[in-house]
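Below you'll find the structure, written out as structure tokens, and then a few comments.
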Amino acid sequence: MAASSSLFHSSPFPLLQPSKPTPSFLPIKASAASSTSPDPIKSSTSLDPCPTHLKHRRPADVNIRDEARRHSSTHNHQGFSAKYVPFSPTPSPTESYSLDEIVYRSRSGGLLDVQHDMEALKRYDGEYWKNLFDSRVGKTTWPYGSGVWSKKEWVLPEIDSDDIVSAFEGNSNLFWAERFGKQFLGMNDLWVKHCGISHTGSFKDLGMTVLVSQVNRLRKMNRPVVGVGCASTGDTSAALSAYCASAGIPSIVFLPANRISLAQLVQPIANGAFVLSIDTDFDGCMQLIREVTAELPIYLANSLNSLRLEGQKTAAIEILQQFDWEVPDWVIVPGGNLGNIYAFYKGFHMCRELGLVDRIPRLVCAQAANANPLYLHYKSGWKDFKAVKANTTFASAIQIGDPVSIDRAVFALKNSNGIVEEATEEELMDAMAQADSTGMFICPHTGVALTALIKLRNSGVIGPTDRTVVVSTAHGLKFTQSKIDYHSKDIGDMACRYANPPLQVSADFGSVMDVLKKYLLSKDSKI
Ligand SMILES: Cc1ncc(COP(=O)(O)O)c(C=O)c1O
Ligand SMILES: N[C@@H](CCOP(=O)(O)O)C(=O)O
């Protein structure tokens, strides 16, 4: 097939070092150096009745999944593998589980981690992986068009592409926060990784595509998985229900009643999930789903399940890729159940171990002061961890007092020379409003991360020229009520200093002209 041979070239990368073998299943970038795969854009002209890129199009009755299926039947042995091991700096070599087992905890009751066969991955050097990942960005090739599955060999190497449930998530915008950086922080190398500009509006899509794909595989293997369930503060449930709906798998979500935004609540409802609104907080829901999934054939979709983090870690790899594999100095991540901070660490760490970069950034985990168990733990010098009762916060998705991934987060922070910061309600709402006033439209959790940045910048820990990435975890449109409250100055004990309420004006030309002149004068002294 002309189309598949250009997408899945079977010859080695022309530009890669000859000492390393090149697996035949990997696609290559169309390159001017290749006589068989001319650059489709360069070789077509606007006068050509049938441009070259159309001549190379797959036949009309073939879709991208069929194309991948045909390809995998000829190249089904990749040689890479992964398994569950107890989460530990030195995992016991005697305890491990296949990813096809349904297991969330180690024998001792501790967390699990997905361990890749690093020796197999190391058979290819850093340049190789960089070229491979770069060659897949922005394509429609199944499943590599996804920012997660473009790193498939590092995520779930053994899954059949046909079992993958993907919305081509990832590849999210790394936004240069030019005005926010200059105006509020005196910084010119500040970036916001918009993980929330995504299929269901949060970074959870990155992990959920992996988890639901594995569930799809398990169900095809006739494993006892009738449905998939989670406890949620609103984003995990949205992602779970969307991915399950797209694969026709039942989803069950436990939501803390009256503690998530309306936009988040409507997502699983619209996607056909079985939604339980439970009169408790997130920690209560988490406890319940753990008990329920131990009894019923419901697969656990929270980040306690280490599969999720395999997808989430690709956001870290993507950041490096977007900087042409240069390492930023700082990455700031808002933390709740604390899976994501470890996922970022793991992504950066893998890139260093496999030779794509030579160091990792310093990580900052940012918490709401109203739900700050990690911050308190950090401030105590990592003494005994104590769960807290999480209080209401505008950053409602991180209103979590007993995070399941506490051990993973501590490990990530200790190994990245990391820092934990906190944000009061006023600080996080002001930061969100300031960011919005420079053209963003962020969620309150991103406001928490920006507050951490502001504090670390003011104290001089983060320097004016440090390249810094703030991870934005959800879309601001999910949290409009918090913005309405702020801009209406409708929040007790909060000055709402950056509120921008609409002006009521009567419907006559004179009144409208008066207010407009006043406004323009305030903006431009030349008028
Ligand atoms: C929008 C948003 N930001 C941040 C977080 C925190 O992520 P994690 O629980 O992995 O720490 C969550 C969920 O917990 C979230 O939904
Ligand atoms: N913010 C999360 C809380 C649960 O986190 P998880 O990563 O363990 O699923 C949510 O949106 O539910």
Side-chain angles (χ1 to χ4, degrees), residues 104 111 193-198 200-208 210-211 228-241 253-256 259-261 263-265 267-268 273 281-287 289-290 300-309 311-313 315 332-346 363-368 371-375 390 393-406 408-410 412-413 420 423 428 432 442-450 452 470-479 482:
Y104 316 115
L111 294 162
K193 176 68 174 163
H194 274 305
C195 295
I197 301 180
S198 176
T200 70
S202 88
F203 72 96
K204 304 288 179 176
D205 294 342
L206 304 175
M208 210 53 81
V210 176
L211 185 135
V228 192
C230 72
S232 184
T233 53
D235 291 323
T236 296
S237 43
L240 176 66
S241 51
V253 306
F254 289 10
L255 302 179
R259 285 176 170 88
I260 72 170
S261 78
Q264 289 172 310
L265 174 61
Q267 289 185 282
D281 57 10
F282 170 80
D283 297 301
C285 289
M286 190 70 223
Q287 181 58 33
I289 194 78
R290 282 167 73 165
L300 179 67
N302 284 101
S303 59
L304 177 66
N305 187 326
S306 44
L307 279 180
R308 280 262 313 278
L309 307 182
Q312 290 172 212
K313 81 182 179 198
I332 307 178
V333 186
N337 223 9
L338 300 181
N340 211 27
I341 185 78
Y342 176 68
F344 270 90
Y345 170 78
K346 192 169 183 185
L363 297 181
V364 179
C365 190
Q367 292 212 292
N372 62 354
L374 180 73
Y375 177 77
T393 166
F394 280 105
S396 54
I398 53 174
Q399 190 185 330
I400 297 174
D402 192 7
V404 299
S405 285
I406 180 69
R408 291 173 175 145
V410 172
L413 290 160
V420 187
L428 74 91
M432 178 172 78
I442 60 165
C443 69
H445 320 84
T446 309
V448 172
L450 286 174
V470 170
V471 176
S472 178
T473 44
H475 203 296
L477 283 171
K478 287 194 182 200
F479 299 93
S482 66

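Both backbone and side-chain heavy atoms feed into the values below; hydrogens, waters and symmetry mates do not. Indexing begins at 1, ligand by ligand and atom by atom, following the structure's order.
Listed by number with element, the atoms of ligand 2 under 4.0 Å from a non-hydrogen atom of Asn337 are 4 (C), 5 (O), 6 (P), 8 (O). Taking every non-hydrogen atom of Asp235 and a distance limit under 4.0 Å, the qualifying atoms of ligand 2 come out as 10 (C), 11 (O). Residue contact check: Thr473 has heavy atoms under 4.0 Å from atoms 1 (C), 2 (C), 3 (N), 4 (C) of ligand 1. Less than 4.0 angstrom separates some heavy atom of Phe282 from each of these atoms of ligand 2: 3 (C), 4 (C). Distances below 4.0 Å separate heavy atoms of Thr236 from the following atoms of ligand 2: 2 (C), 4 (C), 5 (O), 6 (P), 7 (O), 9 (O), 10 (C), 11 (O), 12 (O). When each atom of ligand 1 is checked for a heavy atom of Ala474 under 4.0 Å away, the hits are 1 (C). Atom numbering of ligand 1 starts at 1 in the shown order; those under 4.0 Å from a heavy atom of Ala397 are 1 (C), 2 (C), 12 (C), 13 (C), 14 (O), 15 (C), 16 (O).
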Can you list the steps and then say if Cys195 with Thr473 is a side chain to side chain contact (heavy atoms under 4.5 Å, CB included)? CA-CA 5 Å; Cys195 295; Thr473 44; 5.7 Å; no

Are Phe282 and Gln399 close enough, and set up right, to give a side chain to side chain contact (heavy atoms under 4.5 Å, CB included), and what steps lead you there? CA-CA 7 Å; Phe282 170 80; Gln399 190 185 330; over 6 Å; no

Would you check, one step at a time, whether the test side chain to side chain contact (heavy atoms under 4.5 Å, CB included) holds for Val253 with Cys230? CA-CA 5 Å; Val253 306; Cys230 72; 4.0 Å; yes

Test side chain to side chain contact (heavy atoms under 4.5 Å, CB included) on Val448 and Thr393 and set out the steps. CA-CA 11 Å; Val448 172; Thr393 166; 5.9 Å; no

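In this structure, the side chain of Ser261 engages the main chain of Lys478 through a donor-acceptor pair within 3.5 Å. Side-chain atoms of Asp235 never come within 3.5 Å of backbone atoms of Ser202 as a donor-acceptor pair (strictly under, hydrogens ignored). Although no hydrogens or angles enter the test, the distance criterion places a donor-acceptor pair under 3.5 Å between the side chain of Asp281 and the main chain of Gly284. Judged by distance alone, the side chain of Gln312 and the main-chain N or O of Gly339 form no donor-acceptor pair under 3.5 Å. With hydrogens and angles ignored, the 3.5 Å screen pairs a side-chain donor or acceptor of Asn337 with a backbone N or O of Val404.
Considering only non-hydrogen protein atoms, atom 5 (O) of ligand 2 sits nearest to Lys204 NZ, 3.3 Å. Among all protein heavy atoms, the one lying closest to atom 1 (N) of ligand 2 is Thr233 OG1, 2.7 Å. Ranking the protein heavy atoms by distance from atom 12 (O) of ligand 2 puts Ser232 OG, 2.5 Å first. Closest to atom 7 (O) of ligand 1 among all protein heavy atoms lies Phe203 CZ, 3.4 Å. What sits closest to atom 9 (O) of ligand 1 on the protein, heavy atoms only, is Asn337 N, 2.7 Å. For atom 10 (O) of ligand 1, the closest heavy atom belonging to the protein is Asn340 N, 2.8 Å. Nearest protein heavy-atom neighbour of atom 8 (O) of ligand 2: Ser303 OG, 2.6 Å.
Counting heavy atoms from C-beta outward, Leu309 and Lys346 have side chains that stay 4.5 Å or more apart. By the 4.5 Å heavy-atom criterion applied to side chains, Leu450 and Ile442 are counted as neighbours.
Considering both main-chain and side-chain atoms, Gly336 comes within under 3.5 Å of ligand 1 through a nitrogen or oxygen pair. Between Gln312 and ligand 1, no pair of N/O atoms sits closer than 3.5 Å. Ligand 2 has no N or O atom lying under 3.5 Å from any N or O atom of Ser237, backbone or side chain. Here's the thing with Ala397: one of its N/O atoms is less than 3.5 angstrom from an N/O atom of ligand 2. By the 3.5 Å distance cut-off applied to N or O atoms, Gly339 is counted among the residues near ligand 1. The N/O atoms of Leu338, backbone and side chain alike, include one that comes under 3.5 Å of an N/O atom in ligand 1. Checked against a 3.5 angstrom limit, the closest N/O atoms of Thr233 and ligand 1 fall outside it.
Residue contacts with ligand 1 include Pro334, since one or more of its heavy atoms lies under 4.0 Å from the ligand. The shortest heavy-atom distance from Gly339 to ligand 2 is not under 4.0 Å. Using a non-hydrogen distance threshold of 4.0 Å, Gly335 registers as a contact of ligand 1. At least one heavy atom of Lys204 sits under 4.0 Å from some atom of ligand 1. Residue contact check for ligand 2: Gln264 places no non-hydrogen atom closer than 4.0 Å to it. At least one heavy atom of Arg308 sits under 4.0 Å from some atom of ligand 2.
In Ile398, the part holding a heavy atom less than 4.0 Å from any atom of ligand 1 is the side chain. Contacts between Met286 and ligand 2, counted as non-hydrogen atom pairs separated by less than 4.0 Å, are absent for every part of the residue. Contact annotation for Asp235 and ligand 1: only side-chain heavy atoms (C-beta onward) come within less than 4.0 Å of the ligand.
Leu307 contributes atom CG, which lies 9.5 Å from atom OH of Tyr104 (distance to the nearest 0.5 angstrom).
Summarising the geometry of Ile332 relative to Ala366, their closest heavy-atom pair is CG2-CB, 4.5 Å, with the distance given to 0.1 Å. Taking both residues in full, the closest heavy atoms of Ser405 and Arg408 are given as OG-NH1, 2.8 Å, listed atom of the first, atom of the second, then distance. Closest non-hydrogen pair, Ser396 versus Arg259, comes out as CB-O, 3.7 Å. Counting all heavy atoms, side chain and backbone alike, Ser482 lies closest to Met432 at OG-CE, 3.7 Å. Between Leu211 and Leu300, the closest heavy-atom pair is CD1-O, 3.6 Å.
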